[in-house]
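Every chain is numbered from 1 and lettered A, B, ... according to where its sequence line falls, protein lines coming before strand lines.
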Amino acid sequence: MRIGYACLTVGVPDTAIKSCLVKNASGTRLRNLISHNLNSLENIISYNGKNNIGLFRISSGLIPFASHPINQIPWWEIYKNEFLQIGQKIKANNIRVSMHPGQYTVLNSPFDEVVARALADLEYHSLVLDSLGVGADHKIILHIGGVYNNKKTAMKRFIINFKRVSDSVKRRIVIENDDKSYNIKDVLEIASDLKIPVVFDKLHNDINPADKRKSAIDWIKVCRKTWRQKDGIQKIHYSQQHPDKKTGSHSESINLDEFYEFYGSLKRKDIDIMFEVKDKNISALNCLDYIKQKKSRD
DNA sequence: CCGCGTCAAGTTCAT
DNA sequence: ATGAACTTGACGCGG
């Protein structure tokens, strides 16, 4: 089992991912930002390696405005060596990385311009992972998108538009249940058609359950079947509800006992768990420590 | 130098 | 019809 966190670190020097406003995105500015961000990424990977954090989500902001026409920099060529060097470090430390396009990447939109931008954005994400030289078990996690008052049609459109992505995106893509529209059952249905893996998101399923009689553990077992050998071991998302904020907001940190209970109920420990939590690496470290302590007491 | 309004993008929901 | 929320911070203008 590996535990990981998303996009950024707390309290680790020289690891910030920077950006700028689009109106300031000159070629020089973008090159400086990319160069800076790659250096930050390398520092994050070093930190993760040193601390046995085996899972990490790379920020989509690594290359600012990567799929926007303002950015015409052939970054994958210019920084080829930097990417390969970081990729070596990822492999040397047995780290599994991933990426996760945000809410604006909507593959199932009825508007073709929106779909075109989503396709470009997916190609960007896979180009980052390809440039690192990491295998197909380093995934791109995607939500299904909008419903547009007709879920069946919208799901069909996702399946149709999926056929438009390149093979290098196809081999990496994984779909995830969300907190509002597409529950785990919907996502499994699409995944079965496309033969792609499913990331089970526990908090999203708590909020937007497909079947209240089924537990998270039940769904994790079903989702396991969608992960083939070449996809690497099964991955899930784990987060806890912030006590005061609205439904779906992530907690500041992971409650260790609550997590340990969940961890204990997992039938199989050959699973990767991505935390979505405000304090990022801090909670990842705390949980790793906690599990270690508990084990040494047995 | 500091504070706060604004930021590429899409969809949904509240008003 | 219009605007805010979303995950939520960080950029950068204006004082």
Side-chain angles (χ1 to χ4, degrees), chain A residues 4-12 14-26 28-30 32-34 36-37 40 44 56-73 98-125 140-151 153-155 157-158 161 176-183 186 199 201-204 206-208 237-242 244-254 274-283:
Chain A
Y5 62 98
C7 300
L8 60 98
T9 62
V10 174
V12 184
D14 302 314
T15 60
I17 301 297
K18 292 190 169 293
S19 190
C20 67
L21 300 187
V22 71
K23 62 177 172 175
N24 298 322
S26 67
T28 313
R29 184 76 176 259
L30 286 172
N32 288 338
L33 285 168
I34 294 166
H36 173 271
N37 289 348
S40 291
I44 293 172
F56 178 66
R57 179 191 299 163
I58 297 171
S59 168
S60 296
L62 182 71
I63 310 294
F65 307 108
S67 61
H68 185 286
I70 195 88
N71 188 338
Q72 292 297 321
I73 313 241
S98 62
M99 296 188 83
H100 190 17
Q103 63 197 301
Y104 300 114
T105 306
V106 187
L107 191 59
N108 78 336
S109 173
F111 307 104
D112 202 57
E113 285 171 13
V114 174
V115 177
R117 284 193 281 271
L119 292 169
D121 203 46
L122 287 170
E123 298 303 331
Y124 152 62
H125 284 87
I140 297 168
I141 289 86
L142 187 65
H143 286 291
I144 304 304
V147 171
Y148 315 93
N149 301 314
N150 189 339
K151 194 187 262 189
T153 312
M155 283 166 71
R157 208 162 41 234
F158 184 93
N161 289 341
E176 179 193 348
N177 58 310
D178 67 63
D179 58 344
K180 285 203 173 64
S181 308
Y182 293 94
N183 62 42
D186 300 324
V199 155
D201 186 300
K202 184 182 176 293
L203 183 59
H204 288 165
D206 290 345
I207 298 164
N208 181 24
H237 287 176
Y238 181 88
S239 51
Q240 296 171 349
Q241 172 66 44
H242 191 293
D244 316 319
K245 291 193 186 171
K246 67 182 62 169
T247 308
S249 296
H250 298 148
S251 60
E252 286 297 319
S253 61
I254 295 291
M274 174 63 70
F275 285 164
E276 291 173 320
V277 60
K278 287 267 286 176
D279 71 355
K280 306 290 180 183
N281 50 305
I282 308 296
S283 275

Salt-bridge contact A/Asp206-A/Lys202 (side-chain N to carboxylate O under 4.0 Å): yes
Below 4.0 angstrom from OP1 or OP2 of C/dC11, is there any side-chain N or O of A/Lys18? yes
Below 4.0 angstrom from OP1 or OP2 of C/dG12, is there any side-chain N or O of A/Arg29?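 Affirmative; the distance criterion is met.
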Length of the line joining [X]:[atom1] and [N]:[atom2], which is rounded to integer Å:
X        : N      : atom1 : atom2 : answer
A/Gln103 : C/dA4  : CD    : C1'   : 12 Å
A/His143 : C/dC6  : NE2   : P     : 15 Å
A/Glu252 : C/dT7  : CD    : C1'   : 13 Å
A/Leu33  : C/dA10 : CG    : P     : 14 Å
A/Leu21  : C/dG14 : CG    : P     : 12 Å
A/Ile17  : C/dT8  : CD1   : C1'   : 16 Å
A/Asp179 : C/dT7  : CG    : P     : 6 Å
A/Leu203 : C/dC6  : CG    : P     : 14 Å

Expected output: side-chain [X] to main-chain [Y] donor-acceptor under 3.5 Å:
X        : Y        : value
A/Asn32  : A/Arg29  : no
A/Asn183 : A/Asn177 : no
A/Asn37  : A/Ile63  : no
A/Lys151 : A/Ser181 : yes

Would you mind classifying the nucleic acid contact of A/Ser181 as base, sugar-phosphate or nothing, using non-hydrogen atoms under 4.0 angstrom? nothing
How would you label the contact of A/Ser19 with the nucleic acid (heavy atoms, under 4.0 Å): base, sugar-phosphate, or nothing? sugar-phosphate
For DNA chain B, report each stem as range with range, ordered by first number, or say none. Use Watson-Crick or G-U wobble pairs under 3.5 Å, at least 3 in a row.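 DNA chain B forms these stems: B:1-7 with C:9-15, B:10-15 with C:1-6.
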Pick the [atom1] atom in [N] and in [M], then give their distance to the nearest Å.
N     : M     : atom1 : value
B/dA8 : C/dA1 : P     : 27 Å
C/dT7 : B/dT6 : P     : 23 Å
B/dC4 : C/dT8 : P     : 23 Å
B/dG5 : C/dA4 : C1'   : 15 Å

I'd like to know whether CG of A/Asn149 has more than 12 heavy-atom contacts from other residues, nucleotides or ligands below 6.0 angstrom. no
Where is the tightest heavy-atom contact between [X] and [Y], given as atom of each residue plus distance?
X        : Y        : result
A/Pro64  : A/Ser19  : CB-OG, 3.9 Å
A/Ile34  : A/Ile73  : CD1-CG2, 4.4 Å
A/Tyr182 : A/Val147 : OH-CA, 3.8 Å
A/Gly146 : A/Ala154 : O-CB, 3.6 Å

With DNA chain C as reference, determine whether A/Leu8 or A/Lys23 sits nearer its 5' end, using the nearest nucleotide of each. A/Leu8
From the set C/dG9, C/dC11, C/dT7, return the single nucleotide nearest to any side-chain atom of A/Lys278.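 Per side-chain heavy atoms of A/Lys278, the pick is C/dG9.
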Winner on side-chain proximity to A/Asn24, out of C/dC6, C/dT8, C/dG12, is C/dG12
Heavy atoms of chain A, cut-off under 4.0 Å: which first and last nucleotide of DNA chain B, 5' to 3', fall inside that, if you could look? B/dC7 to B/dT12
